[in-house]
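Basis for what follows: all heavy atoms, side chains included, without hydrogens, waters or symmetry-related copies. Each chain gets a letter, A, B and so on, in the order its sequence line appears, and its residues count up from 1. Keep in mind that what you see is a predicted model, and the values were worked out from it rather than measured.
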Amino acid sequence: MNKEKKWIGFKEIVLIALLTVLGIVIQLVISMPFAAVPHLMMFIAVAIIMVVCGPIYVLMLNKSRRLGTVFLFGGLQALYYVIIGQAFIAVTYLLFGIIGECIMLGDGYANPKRIGLSYILYSACYILGSYLPYIFLADQYIENMSAMGMSEQSINAMMNLYTPFTILLAVISSCIFASIGAYVGYRMMKKHFNPAGVM
Amino acid sequence: MESYNELPGIHSHISKIAAQPTSADDLHKIISYAGIDCRVRLFAILAATLPSFLLKSEITLLIMAVFVVVWLCVLRQIRTAIIFTVIYAAFYLLQRINVTDMAIGSILMVLSIFRRFMLTAFIAMPLGKAPTGVLISSLSKMHVPRQVTIALAVMFRFMPTVAEEYNAIRSSQKFRGIGISGWGLLRHPVRSYETILVPLLIRTTKIADELSASAILRGASVEGEVSSFRTVRLTHADCICLIIIAILSAGLLALDLLWR
């Protein structure tokens, strides 16, 4: 009986699925206006996403304090990205699910710092998953672009946007905004969710 | 029944309701769920993921786009097929423009990546359109863990609900003078955050509670194979479809290697 209660049950699964969908929809809506300009997308859109989605993550982990929550969250996001055809980011999200679950072992779900840490890990995985393909699959993109009839110069200028250095910068900035997001999440918990009796 | 005869309006209304499900033709339509099995739809997504990622030549990508249109037409989703064709053709034509400017070039590059991902996304769409009962039942026949099945079924259904809830919250807040225009929302980010996102989150958790309560009452948490009101089985046509999808996917990859 005791052992069964440690793992996520039916109620938690439904909650996690719905909040994951809400997060995905919000991510889509926010990133749409920025999609055309890579630098804005990398730094500004990701920053807004991380701050806005922080409360969702904090609420989810506080409402379902059982083993498997983080893994299911990462797994569902991975599934979504497999369906829309971005296999690489799906792999990083699965990794996030496993590592994040390890962070939460013990009494992690009651510990705000560990929840914040796993959210920061999530944001790092988000950046790595979306931008590392530009480095690993650079040849393919260059081939595509030259097939489109672009000059060599502009192709080089564009691929220079996605250097390991800029990606590292993006990871750092998204980690900072993710910690702000987690903080905002706890503020919202105190101010709105607890008085509203959601918990 | 006699008492209703005195009120012709109500009587005709009731008989209309009663006649609908009892008509043998309609009942047959409901039970024999026409269309390709969910397992085949799932396999199509997996079979499409690899080519959409690996294909390099433009010709094979175009052939794959044609396959997507055929797939949507076979599943009788003509509207989705038309939407796909229009968006894909627009992106394709945009990329034919000769560009030297870098800013436009980067936009076009995002489009070219998006064009790839569109292929799998539209192949995946029919899975979301399948009735929930059929989806859960066929996934449980594949021995997919119950946790994943339920989460999937709930996720596909919740996407439109998010928009509905958002609209309801927006209209009630407009009534109070908050965020009457989109610009107003952007000008006070903190206020719109607290007045729109927080209610949306609270509504979502309430919906999750209600949904899981009603599902548990109907025995959704009981272990064992799930059956469906509609018949779920792999027909010969489904098996042939599965083989055709596998051949097409492998063929695309082979063609791409040949034409490189």
- Query: Would the A:Tyr81 and A:Phe88 ring centres measure less than 6.0 Å apart?
  - Reply: no
- Test item: A:Val58 and A:Tyr119 side chains (from C-beta on) under 4.5 Å apart, heavy atoms: no
- Query: Side chain, backbone, both or neither: which part of B:Ile123 has a non-hydrogen atom closer than 4.5 Å to chain A?
  - Reply: neither
- Item | Stepwise side chain to side chain donor-acceptor pair (under 3.5 Å) check, B:Thr120 with B:Thr49 | CA-CA 6 Å; B:Thr120 8; B:Thr49 312; 5.7 Å; no
- Message: Heavy-atom pairs under 4.5 Å with chain A: which of B:Leu127, B:Val162, B:Leu50, B:Thr204 has the most?
- Response: B:Thr204
- Query: Checking heavy atoms, do the side chain of A:Leu59, its backbone, both or neither come under 4.5 Å from chain B?
  - Reply: side chain
- Message: For the interface with chain B, which of A:Val21, A:Thr20, A:Ile26, A:Ile24 has the highest count of heavy-atom pairs at distances below 4.5 Å?
- Response: A:Val21
- Task: Please confirm whether the backbone N or O of B:Leu72 pairs with a side-chain atom of B:Gln77, one donor and one acceptor, at under 3.5 Å?
- Result: no
- Task: Report yes if the side chains of A:Met50 and A:Tyr126 come closer than 4.5 Å at any heavy-atom pair, otherwise no.
- Result: yes
- Task: Take atom CZ of A:Phe177 as the centre, draw a 6.0 Å sphere, and report whether it contains more than 12 heavy atoms from other residues, nucleotides or ligands.
- Result: no
- Just wondering, do A:Ile8 and A:Phe71 contact through their side chains at under 4.5 Å, heavy atoms? no
- Indicate whether any N or O donor in one side chain lies under 3.5 Å from an N or O acceptor in the other, for A:Thr166 and A:Thr163. yes
- Given that the side chain runs from C-beta out, which part of A:Val29 has a heavy atom under 4.5 Å from chain B: side chain, backbone, both or neither? neither
- Determine the option with the most heavy-atom pairs under 4.5 angstrom with chain B, choosing from A:Ile56, A:Ile16, A:Val184. A:Ile56
- Task: Sort by residue number and list every member of residues 185-197 of chain A having a non-hydrogen atom under 4.5 Å from chain B.
- Result: A:Met188, A:Lys191, A:His192, A:Phe193, A:Ala196, A:Gly197
- Item | When B:Ile150, B:Leu200, B:Ile45 are compared by non-hydrogen pairs under 4.5 Å with chain A, the top option | B:Ile150
- Query: Do A:Phe73 and A:Met60 have side-chain heavy atoms sitting under 4.5 Å apart?
  - Reply: yes
- Message: Any side-chain to backbone donor/acceptor pair from B:Ser212 onto A:Phe10? Under 3.5 Å, distance only.
- Response: no
- Of A:Val52, A:Leu18, A:Ile13, A:Leu15, the largest count of non-hydrogen pairs under 4.5 angstrom with chain B goes to A:Leu18
